[in-house]
Chemist: 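My questions will all concern the structure given below.
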Amino acid sequence: MPELPEVETIRQDMLKKVKGKKICKVEVKNEKPIHIPAPSQFVKKLEGKVFRDIFRRGKYLIVQINSTENLIFHLRLTGRLIFSPRGERNPEYTRIIFNFEDKSRLFFTDIRGFADVYLISEREWGEIPSLQSIGPEPLDPDFTLNEFENLLKGKKGKIKLLLMDQSFIAGIGNIYSQEALFRARIHPERNSSQLKKEEIKSLYENLLSVLREAISYRGSSVDTYVNLQGEKGEFEPYLQVYGRKGKSCKRCANPIVKKKIGGRGTYFCSKCQK
DNA sequence: CAATCGTCCTGCGGGC
DNA sequence: TGCCCGCAGGACGATT
């Protein structure tokens, strides 16, 4: 499941591989992921256009097409963007193919079919409510400890769920919320309003460091994530709690427990995360 | 009104 | 061994 580090890795790869390329043909194999506009319009509007700059906002990948329009992807759980320099056959579960003038191609694939694609102008961002209401970027230089403290003021509920709330902070999902909490030694069910000042500082620092490290290792391939070249991320060996049910805690050797929190599998050490 | 539940979907793994 | 049930999850909409 692509979270901020995985989407950022794809963005960096796309800057190298597809930025500046002209689309000569768009093939829609499956219309389901295309929300806006109608698939026929989607194809028509993109053909002849150039992939300009490429941005990321939380888990959204935003390709600038011209001064007003943006091609926006949300990969959700199993969406993939795969680049092919030369006519290889379509990967499994291909839904959209972007054919470039130089014969290279970008495949948008998705197994489970939750991923979303939009072609909209910035003034239509309201059409994507979760993009409209998205919280601050954790790796933005403006996102200081003071900013994080202010953001937490008046917030209650389990800290893990708050970290995963995209309107609170952008790009954090089930894996990195757990890794950050483990590193900060904070129990995922702690009430956000009861965190001590030094715990907030530790959470802030560990959240940023785990995201930065994951980006430097090109993401984690839990589930089906691969980068633009179809390669797995290399951060998985460095995940300290995710998926480690019953195994001994890397810090205190106590067995890692798994519990559903907010309907999502959550791993933590009940001894050293308080 | 905030929290929880069901929904979408398909592959895979646990259990018998 | 092989099959089948149920789990996995991002975000939204319905429900309590």
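Just so we're on the same page: letters track the sequence lines, and every chain starts at 1. These numbers come from the heavy atoms of this one structure, side chains and all, not from hydrogens, waters or symmetry mates. Values in this document were obtained by computation on a predicted structure and should not be read as measured data.
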Chemist: Specify the separation, in whole Å, of atom CZ of A:R80 and atom C1' of B:dC9.
Modeler: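 Taking CZ of A:R80 and C1' of B:dC9, I get 16 Å after rounding.
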Chemist: Can you check whether A:R190 reaches A:E199 side chain to side chain, under 4.5 Å on heavy atoms?
Modeler: yes
Chemist: Provide, to the nearest angstrom, the distance between the CZ atom belonging to A:R112 and the P atom belonging to B:dC8.
Modeler: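 A:R112 atom CZ is separated from B:dC8 atom P by 15 Å.
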Chemist: So if I take every side-chain heavy atom of A:K260 and compare against C:dA8, B:dG11, C:dG9, which nucleotide ends up nearest?
Modeler: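 From the listed options, C:dA8 comes nearest.
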Chemist: Rounded to whole angstrom units, what separation is found between the CD atom of A:Q132 and the P atom of C:dA11?
Modeler: 16 Å
Chemist: Does A:H74 place a side-chain N or O at less than 4.0 Å from the phosphate oxygens OP1/OP2 of C:dA11?
Modeler: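 Checking C:dA11 against A:H74, a side-chain N or O does come within under 4.0 Å of OP1 or OP2.
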Chemist: Please pick, from C:dA8, B:dG11, C:dG10, the nucleotide with the shortest atom-to-atom distance to any side-chain atom of A:K258.
Modeler: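 So the nucleotide nearest the side chain must be C:dA8.
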Chemist: For A:N191 and A:S193: C-alpha separation, side-chain torsions, deciding distance, then whether side chain to side chain donor-acceptor pair (under 3.5 Å) applies.
Modeler: CA-CA 5 Å; A:N191 193 305; A:S193 64; 2.8 Å; yes
Chemist: Give a yes/no verdict on base stacking between B:dC9 and A:F114: centres under 5.5 Å, planes within less than 30° of parallel.
Modeler: no
Chemist: A:K156 NZ to B:dA2 P: how many Å, rounded?
Modeler: 7 Å
Chemist: Answer yes or no for A:R80 and A:Y93: cation-pi contact, defined as NZ/CZ to six-membered ring centre under 6.0 Å and angle to ring axis within 45°.
Modeler: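 Not satisfied by the 6.0 Å and 45° rule.
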Chemist: Would you mind telling me which of C:dA11, B:dG11, C:dC12 lies closest to the side-chain atoms of A:Y93?
Modeler: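 Taking heavy atoms from C-beta onward, the closest nucleotide is B:dG11.
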Chemist: Checking contacts here: which listed nucleotide (C:dC12, B:dG11, C:dA11) is nearest the side-chain heavy atoms of A:R76?
Modeler: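 The answer is C:dA11.
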Chemist: A:I261 has an atom CD1; how far is it from atom P of B:dT4, in whole Å?
Modeler: 11 Å
Chemist: Assign A:G262 to base, sugar-phosphate, or nothing according to its heavy-atom contacts below 4.0 angstrom with the strands shown.
Modeler: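 The residue A:G262 makes no contact with any strand.
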Chemist: Checking all strands, does A:Y242 fall into the base, sugar-phosphate, or nothing category for heavy-atom contacts under 4.0 angstrom?
Modeler: sugar-phosphate
Chemist: Whole-Å distance between B:dA3 C1' and A:E189 CD?
Modeler: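 Distance check: A:E189 CD to B:dA3 C1' gives 14 Å.
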Chemist: Answer yes or no: does a side-chain N or O of A:Q166 lie under 4.0 Å from OP1 or OP2 of C:dG10?
Modeler: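 No, outside the criterion.
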Chemist: On DNA chain C, does the nearest nucleotide to A:P129 precede the nearest nucleotide to A:L77 from the 5' side, or the other way round? Give the residue.
Modeler: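 In this pair, the answer is A:L77.
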Chemist: Strictly distance-based, threshold 3.5 Å: is any side-chain N or O of A:Q166 a donor or acceptor partner for the main-chain N or O of A:G171?
Modeler: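 Side chain of A:Q166 to backbone of A:G171, a donor-acceptor pair under 3.5 Å: yes, one is there.
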Chemist: Would you say C:dC12 has OP1 or OP2 under 4.0 Å from some side-chain N or O of A:S130?
Modeler: yes
Chemist: Picking from B:dG11, C:dC12, C:dG10, which would you name as closest to the side chain of A:I111?
Modeler: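 Side chain of A:I111 sits closest to B:dG11.
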Chemist: Please determine, for the side chain of A:N174, which listed nucleotide (C:dA11, B:dC9, C:dG10) has the closest atom?
Modeler: C:dG10
Chemist: Between A:L75 (CG) and B:dC9 (C1'), how many Å, whole number?
Modeler: 16 Å
Chemist: Any donor and acceptor pair, going by atom type alone, linking the side chain of A:T78 with main-chain N or O of A:D110 inside 3.5 Å?
Modeler: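 Flag not set: sc A:T78 to bb A:D110 has no pair under 3.5 Å.
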Chemist: Keeping A:K32 on the side-chain end and A:G113 on the backbone end, is there a donor-acceptor pair under 3.5 Å?
Modeler: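 Flag set: sc A:K32 to bb A:G113 pair under 3.5 Å.
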Chemist: Within the modelled atom types, does a donor on one side and an acceptor on the other bring the side chain of A:R264 and the base of C:dG10 under 3.5 Å apart?
Modeler: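 Checked by distance alone, the answer is yes.
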Chemist: Can you tell me the distance, in whole Å, between the CZ atom of A:F168 and the P atom of B:dA3?
Modeler: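 Going from CZ in A:F168 over to P in B:dA3 covers 14 Å.
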Chemist: Taking only side-chain nitrogens and oxygens of A:K59, does any of them come within less than 4.0 Å of OP1 or OP2 of C:dA11?
Modeler: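 Affirmative; the distance criterion is met.
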